[in-house]
Amino acid sequence: MSLDKDRLTLDELTITRGIVRTFMEDFLDSIDLDVAVVGAGPSGLTAARLLADEGMTVAVFERHLHIGGGIWGGGMLFPRIVVEEEAAALMSDVGIRLREWEDRTVIADAVEAATKMTAAAIDAGVRIFVGIEVEDVVVDDDNRVCGVVINWGAVPAAGLHVDPLGVRAKAVIDGTGHPCEIARVVLQKVPDASLDSDFDYVPGEGSMNVRAAEALLVPNTREVYPGLIVTGMAASATNKSYRMGAIFGGMLLSGQRAAELVAEIVAERG
Ligand code: 48H
């Protein structure tokens with residue numbers, strides 16, 4: 001079927017109004033949140049989905065136009081990810097097909113994992129904003145984190161000086177992966193801030209030790225500063241824990257742990 005020019009009633013303004021108005025409605029619905037998740041990697045997407053399942057208002061802010069963080073590249077661009085069987089349900093629950101593998105692991109296709117994790121988060125009610133970077137946090141009078149400061153990801157890429165906007169949230173999840181950007185910004189900018197970790201700075205993760213890295217991910221998933229929870233590689237990076245390569249069970253379980261911690265924080269502090 002082809003579109004008949006004489007029957008088409010749309011004009012350019014229909015498109016412009018539709019895009020701007022619906023985006024603004026969704027954006028304005030997302031400026032006073034229960035939870036702001038920074039980064040749409042596997043840990044952030046898992047945490048966001050589980051929190052939305054609990055009925056919380058959750059938005060994910062992702063700097064890039066694509067979601068999924070490091071999932072797509074699998075291991076060394078081979079698009080497969082390995083997951084321990086303890087975390088397999090966090091994938092099969094969202095319809096990702098798994099192949100049995102050795103040593104009590106399963107294997108998923110990276111494209112299927114990234115897309116189905118994202119789709120499930122959206123279906124649970126998570127708003128995902130792509131092309132938006134978190135450049136700072138909002139703090140209250142006690143210097144507790146109570147929101148994020150956002151700008152278009154294109155702004156720093158173009159070297160423009162554009163002032164950002166603020167979004168309120170009862171809790172913020174740092175799911176920014178290896179750079180652990182939000183915990184870093186808190187340490188740099190919030191007066192007298194220190195992290196609840198073994199370090200008073202963000203050391204980054206250490207060298208590869210798969211079993212130790214995976215085992216430490218859930219214990220390292222913590223509220224490192226009032227209102228700020230680290231998950232995924234950001235949890236490893238705050239503790240100079242190990243790296244693990246293309247095994248993702250720890251990322252998913254860390255996202256699940258972050259969701260549990262946030263649920264406790266929101267219930268306790270309102
Ligand atoms: C908005 C931001 C900002 C910002 C970053 O790296 P990710 O996939 O994160 P995790 O921790 O969920 O998963 C880590 C995993 O992918 C990985 O790298 C592993 C397992 N490595 C092991 C190893 O040995 O190397 O995703 C983080 C996301 C990305 O999409 C970034 O673009 C985004 O966060 N992001 N978004 N504002 N300031 N900083």
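Just follow the structure's listing: the first ligand is 1, and inside any ligand the first atom is 1. These numbers come from the heavy atoms of this one structure, side chains and all, not from hydrogens, waters or symmetry mates.
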Taking only non-hydrogen atoms of His64 and a 4.0 Å limit, the atoms of ligand 1 in range are 32 (O)

Under 4.0 Å from a heavy atom of Val38: give me the atoms of ligand 1 that qualify, with their elements. 1 (C), 4 (C), 37 (N)

Answer with yes or no whether the side chains of Thr231 and Thr221 bring together a donor and an acceptor at under 3.5 Å. no

Heavy-atom distance to atom 13 (O) of ligand 1: which of Pro42, Ala40, Gly250 wins? Pro42

Listed partners of Leu28 passing side chain to side chain contact (heavy atoms under 4.5 Å, CB included), at least two apart: Ile31

Cationic N near anionic O, under 4.0 Å, Asp136 to Lys189: yes

Are Glu260 and Arg257 within salt-bridge range, i.e. N to O under 4.0 Å? yes

For a 4.5 angstrom cut-off between non-hydrogen side-chain atoms, does Met233 reach Met251? yes

In ligand 1, which numbered atoms sit nearer than 4.0 Å to a non-hydrogen atom of Ile132? 1 (C)

Among all protein heavy atoms, pick the one closest to atom 6 (O) of ligand 1 and tell me residue, atom and distance. Gly177 CA, 3.6 Å

Here the atoms of ligand 1 under 4.0 Å from any heavy atom belonging to Ser43 are 10 (P), 11 (O), 12 (O)

For atom 33 (C) of ligand 1, which of Glu62, Arg243, His66 has the closest heavy atom? Glu62

Of all protein heavy atoms, the one nearest atom 8 (O) of ligand 1 is Gly70 N, 2.7 Å

Which residue from Gly69, Gly39, Gly175 reaches closest to atom 27 (C) of ligand 1 through any of its heavy atoms? Gly175

Numbered in order shown, the ligand 1 atoms found under 4.0 Å of a heavy atom of Met244 are 20 (C), 22 (C), 24 (O)

Closest protein heavy atom (residue, atom, distance) for atom 20 (C) of ligand 1: Gly245 O, 3.6 Å

Shortest protein contact, atom 36 (N) of ligand 1 (heavy atom only): Arg63 N, 3.1 Å

Is a side-chain N or O of Glu223 found less than 3.5 angstrom from the main chain of Gly227, in a donor-acceptor match? yes

Would you check whether Val134 has a nitrogen or oxygen atom less than 3.5 angstrom from a nitrogen or oxygen atom of ligand 1? yes

Note: Met233, heavy atoms under 4.0 Å from ligand 1, region reported as both

Please confirm whether Thr231 comes within less than 3.5 Å of ligand 1 when only nitrogen or oxygen atoms on both sides are compared. no

Between Ser241 (side chain only) and Ser236 (backbone N and O only), is there a donor and an acceptor less than 3.5 Å apart? no

Which atoms of ligand 1 sit under 4.0 Å from any heavy atom of Phe248? 15 (C), 16 (O)

With the side chain counted from C-beta on, respond yes when Val35 and Val172 share a heavy-atom pair under 4.5 Å apart, and no when they do not. no

Ion pair check, Asp34 and Lys170, cut-off under 4.0 Å: yes

the protein heavy atom lying closest to atom 5 (C) of ligand 1 turns out to be Thr176 CB, 3.5 Å

Considering only heavy atoms of Met251, which atoms of ligand 1 have at least one such atom less than 4.0 Å away? 11 (O), 13 (O), 14 (C), 20 (C)

Using side-chain heavy atoms (C-beta onward) and a distance below 4.5 Å, is Tyr225 in contact with Asn143? yes

Enumerated ligand 1 atoms positioned under 4.0 Å from heavy atoms of Phe61: 1 (C), 36 (N)

